[in-house]
Undergrad: 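Once you've had a glance at the structure underneath, I'll fire off some questions.
Remember, it's 1-based here, ligands and their atoms both numbered in the order they're listed. Note: hydrogens, waters and symmetry copies are ignored here, and every other heavy atom, side chains too, is used.
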Amino acid sequence: MRQSKLFTKTQKTVSAGETSKNAQLLTRGGFIYKNSAGIYTYLPLGWRVIEKLSNIIREEMNAIGSVEMFMPALVSKEYLQATDRWDKGVGFKVVSQTDLDKLQAPIRQLADKLQEEYVLGWTHEEVITVIASNYVNSYRDLPFFTYQIQTKFRNEKRPKSGLLRGREFMMKDLYSFHTDQKDLECFYEVVKFAYLRIFERCGLEALYTLAAGGDFTEDYTHEFQVLAEVGEDSILYCNKCKYAENKEVSKLKTGDKCKECNGKMQSANSIEVGNIFPLGTKYSKALNLKYKDEDGNEKQVVMGSYGIGLGRLMATIVEKYNDDKGIIWPSSVAPFGMHLLSLDKNKDADKIYQTLIEKGVQVLYDDRDVSVGEKFADADLIGISMRAVVSEKSLKKGGVEIKMRDSDKEEIIKIDDLSK
Ligand code: ATP
Ligand code: MG
């Protein structure tokens, strides 16, 4: 992509309200735009990062045999009433214009109390359970696993910390359906390792953490926590084997002996990047999802659900990978593989760019008519792992000057070797 075609620009400052590192750097770099409190647009650069994250997640979800689908954001009242979650106060309720129009002016003010018919989906256990009941009859139809990557809506009271907590945010939600608890427990372990692989591929060490059930289940759940000062969660974790518990449920204290090894428990702030839930039969009971076993007896389907927030994941990566000049993306999630900078209005740079594109390299090409200083500063702020500079000086030295974002070492590489 030619940078001259990118309509966004980097900026030196952000509004005083954005106190978190991720919001500041992503806004300054032109990755995101804040539309309202807790509501962000992914600009072209940011959307490319989201695509990279989505692809990693898709690969790992497909590898464990789950299949992708896409459910509606508008969730009708009857779904959440069935499980007593309609009035939890988590979602944004929606009223249709035709229903509003039927009301007299004074009554209109009461409209959202009277006419709530949908909620903007903040999770989809109910919706997928109802869909599943249309297709599941016998034990032969189980198990199956399905996921989507979709926007969720939650009425977070005071959204702060940028993409870490939005009112509208992207989530990968996976749901699994089993004949019994044992089969669920098996798959739960499989998902655990798939999640750990996803976070590792994104450059993050996530701790598998015992946690509370929240609005989803009475049971324990497991969260994937990344240690970070800005994190809103507090966990206890073992300094040796990394066994971890969320302080919400833990009976341990700092300095206690680990349950799993002879290490000591430490406390830290952390970011919950993922959460997995052994749902059991809560949703299948409420929504009548049954199957016939081998002897023809009717039984309740056993379920699990598994979430990862994509925006929160992106923000966590930025919180971990930055310096005073900007973001330092791990190459697996960087918006481009290479940032090519043309200095001195160099004619050869265009040709080099074309060749790289033909060879399938993802390049952001800074062809803009701006100062050298500005190009370097923007490249550092945007944070693409590899910077390649074409200038008269570099060409005299025999090629293109390469520098990795996380290193000071510069190196000349021959033009023919660049795409390698
Ligand atoms: P939190 O405790 O941080 O409010 P949650 O436990 O309510 O989150 P889950 O219902 O477990 O969230 O959602 C699954 C995943 O979706 C979370 O692990 C997180 O990565 C992401 N997520 C949840 N809420 C938000 C939000 N408001 N903004 C961005 N991502 C979110
Ligand atoms: Mg959670």
Undergrad: Heavy atom under 4.0 Å from ligand 1: found in R312's side chain, backbone, both, or neither?
TA: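 It is the side chain that touches ligand 1; the backbone stays farther off.
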Undergrad: Report yes if I308 has an N/O atom closer than 3.5 Å to an N/O atom of ligand 1; otherwise report no.
TA: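 Looking only at distances, the answer is no, because the N/O contact criterion of under 3.5 Å is not met.
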Undergrad: Go through the steps for E272 and F224 under the test side-chain contact (heavy atoms from CB on, under 4.5 Å), then give the verdict.
TA: CA-CA 6 Å; E272 178 201 315; F224 295 79; over 6 Å; no
Undergrad: Kindly confirm or rule out an N or O of E223 lying under 3.5 angstrom from an N or O of ligand 1.
TA: no
Undergrad: Indicate, as side chain, backbone, both or neither, the part of L313 found under 4.0 angstrom from ligand 1 when only non-hydrogen atoms are considered.
TA: neither
Undergrad: For ligand 1, which atoms sit closer than 4.0 Å to a heavy atom of G274?
TA: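 Per the distance check, 18 (O).
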Undergrad: For ligand 1, is there an N or O atom under 3.5 Å from any N or O atom of D233?
TA: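 Between D233 and ligand 1, no N or O pair is found under 3.5 Å apart.
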Undergrad: Is there an N/O/S atom in N275 that lies less than 2.8 Å from the Mg ion (ligand 2)?
TA: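 Here the distance criterion (N, O or S atom, under 2.8 Å) is met by N275, so yes.
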Undergrad: Using a strict 4.0 Å cut-off to heavy atoms of G166, name the atoms of ligand 1 that fall inside it.
TA: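 Once the distances to G166 are compared, the set is 26 (C), 27 (N), 28 (N), 29 (C).
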Undergrad: With respect to atom 13 (O) of ligand 1, which of M171, Q225, M314 exhibits the smallest heavy-atom separation?
TA: M171
Undergrad: For a side-chain contact (heavy atoms from CB on, under 4.5 Å) check, start with the C-alpha distance between L174 and S66, then their side-chain angles and the critical distance, and finish with the verdict.
TA: CA-CA 8 Å; L174 163 71; S66 67; 3.6 Å; yes
Undergrad: Would you call E18 and K160 a salt bridge, taking side-chain N to carboxylate O under 4.0 Å as the test?
TA: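 Salt bridge absent between E18 and K160.
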Undergrad: Report the part of R165 in contact with ligand 1, treating N, CA, C, O as backbone and CB onward as side chain, heavy atoms under 4.0 Å; options are side chain, backbone, both, neither.
TA: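 For R165, the contact with ligand 1 is made by both the backbone and the side chain.
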Undergrad: Before giving the answer on side-chain contact (heavy atoms from CB on, under 4.5 Å), spell out for W329 and R405 the whole-Å C-alpha distance, their side-chain angles and the decisive distance to 0.1 Å.
TA: CA-CA 8 Å; W329 293 109; R405 177 62 179 83; over 6 Å; no
Undergrad: Quick one: look at F277 and ligand 1, take heavy-atom pairs under 4.0 Å, and tell me if it's side chain, backbone, both or neither.
TA: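 Answer for F277: side chain.
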Undergrad: When you measure from the heavy atoms of L164 to every atom of ligand 1, does any distance fall below 4.0 Å?
TA: yes
Undergrad: Strictly under 4.0 Å, does any heavy atom of V273 approach an atom of ligand 1?
TA: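 The answer is yes: ligand 1 sits under 4.0 Å from a heavy atom of V273.
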Undergrad: With sequence neighbours left out, what residues match D406 under salt bridge (Lys or Arg N to Asp or Glu O under 4.0 Å)?
TA: none
Undergrad: I need the single residue from V302, L142, N137, N297 that forms a side chain to side chain contact (heavy atoms under 4.5 Å, CB included) with Y291. Which is it?
TA: L142
Undergrad: Do R48 and F336 meet the cation-pi criteria used here (NZ or CZ under 6.0 Å from the six-membered ring centre, within 45° of the axis)?
TA: yes
Undergrad: Please find the N/O/S atom of E272 nearest to the Mg ion (ligand 2) and write down its name.
TA: OE2
Undergrad: Start with the C-alpha distance between F145 and Y306, add both sets of side-chain angles, then the distance that settles side-chain contact (heavy atoms from CB on, under 4.5 Å), and finish with yes or no.
TA: CA-CA 11 Å; F145 327 117; Y306 317 82; over 6 Å; no
Undergrad: With a cut-off of 3.5 Å and sequence neighbours excluded, list every side-chain donor-acceptor pair involving residues 202-214.
TA:
residue: Y208; atom: OH; partner: H222; partner atom: ND1; Å: 3.4
residue: T209; atom: OG1; partner: L207; partner atom: O; Å: 2.9

Undergrad: Looking only at side chains, do D378 and T10 share a donor and an acceptor under 3.5 Å apart?
TA: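 Yes, because at least one side-chain N or O of D378 sits under 3.5 Å from a partner of the opposite role on T10.
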Undergrad: Between K152 and ligand 1, which residue portion shows a heavy-atom distance shorter than 4.0 Å: side chain, backbone, both, or neither?
TA: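 Answer for K152: neither.
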